[in-house]
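Read the numbers this way: they start at 1 and go in the same order the structure lists the ligands and their atoms.
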Amino acid sequence: MRPIYMDNAATTSVDPRVVAAMLPVFSESYGNAASRNHAFGWEAEELVEIARREVASVLGCEARELVFTSGATESDNLALKGVLRAYSSKGRHLITTKVEHPAVLDAATALERDGMDVTRLRVDSEGRVAPEDVAGAIREDTVLVSIIHGNNETGVVQDVPSIASVCRERGVLLHTDATQSFGKIPTDVRALGCDLLSLSGHKIHGPKGVGALFIRRRNPRVRIEPILDGGGHEGGVRSGTANVPGIVGLGVAARLASEELESDPHRIATLLERLERGIRERLPDGVLWNTPESGRLPHILNFSVTGVEGEALLLAMRNVAVSSGSACASASLEPSHVLLALGRSPAEARAALRFSLGRFNTEEEVDRVIDEVGTVVGTLRAARARHRTGRDGGA
Ligand SMILES: Cc1ncc(COP(=O)(O)O)c(C=O)c1O
């Protein structure tokens, strides 16, 4: 039997309604959206524009403020590198945080290699950035602040509107990585107050390899330099033949997510609370909660089981698919930079598990997972205690 999938922050299954919308685009509406000379091209372009309007309506922005990309990694890179390069005569300073996704952290490091200056803000013990710290870090030459909206490891949600007020007052642009929050909590760009926002298709039951970047067009109009050279697609901002099936899938996935957000906003949050309650009951001691109790995303629960190695725990939990730390970094056993920034020790960070729910998880699955975690931790702890007793006894 396949394990229960609770790794939806890593990726999600594609909703069958999204698949159904995409299929005809592969074999029938397969034109190049940039082909202006025939109906195949016009049809593909029309599909792209419908999807652009669908995503724009979830963000509360204009369709022309959206650029389709290959995913949030590209959107983050485009936002940081594109803006810093476009404003290099104004300044060379970028402010971000210690709890960003590697797509932002590593883009910032690349910019440093190009001679830009980067400030990485600390966070409190729940992983939040203080708007005052942002204010304190802004300098004459600051161009951009980039702050993750909902954290992919712990689920903590940053106070983007307050940070946006600080940035606006000081004439600095704000980018937010909303990859985990888009479709899960409101991400209206006017309410958030951000100037740029990244999102991705495959976190919302859409396809992989497609995402978008919101780039504000007025008040202020954000300038951005392309990071890919080529045919000048997407208004010259992102060259490369449009991934029409992917874009169609993203549009439908965004629409479905926003419909679900309106009709059933608490279903996943309620399941997550059930999971948390169950784990608390089964493991009353020795658990460090890395996800705060409030101000969090509805689908991510992260905790460290002390006295047990996260990897050993994962290996033993055969019936549930979850992550230890961030999926993106799970190829390495390095402790999570996000959990270290919260003040966790390397051992505590290594013992972290991230459960993330999606549209298709059920109450029954949650109950089975609670049982699995309780049993596996109990067994590992007992084995450890036996090992200790044996060692002490032999000494
Ligand atoms: C917060 C965040 N930003 C960026 C990304 C990268 O997204 P993509 O896989 O679409 O490149 C992810 C995915 O793990 C993420 O969670």
**Asked** What about E74: any of its N or O atoms under 3.5 Å from an N or O on ligand 1?
**Response** no
Heavy-atom contacts with [X] under 4.0 Å: which atoms of ligand 1 show up? List them by number with element.
| X | value |
| --- | --- |
| Q180 | 16 (O) |
| T73 | 6 (C), 7 (O), 8 (P), 11 (O) |
| I148 | 1 (C) |
| D76 | 3 (N), 4 (C) |
| G71 | 10 (O) |

**Prompt:** Mind checking whether H202 has a heavy atom under 4.0 Å from ligand 1?
**Reply:**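 It does, in that a heavy atom of H202 comes within the 4.0 Å cut-off of ligand 1.
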**Message:** Under 4.0 Å between a side-chain nitrogen and a carboxylate oxygen: does that hold for E74 and R238?
**Reply:** yes
So, [X] side chain and [Y] main chain: donor-acceptor pair closer than 3.5 Å or not?
| X | Y | answer |
| --- | --- | --- |
| N302 | N290 | no |
| K184 | P298 | no |
| Y87 | S89 | no |

**Request:** To the nearest 0.5 Å, tell me how far D177 CG sits from L197 CG.
**Result:** 8.0 Å
**Item:** Residue selection (non-hydrogen contact nearest atom 8 (P) of ligand 1) among A72, S70, S181
**Value:**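 Nearest heavy atom to atom 8 (P) of ligand 1 lies in A72.
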**Asked** Will you find, in the side chains of N361 and N8, an N or O donor that is under 3.5 Å from an N or O acceptor?
**Response**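 There is such a pair between these side chains.
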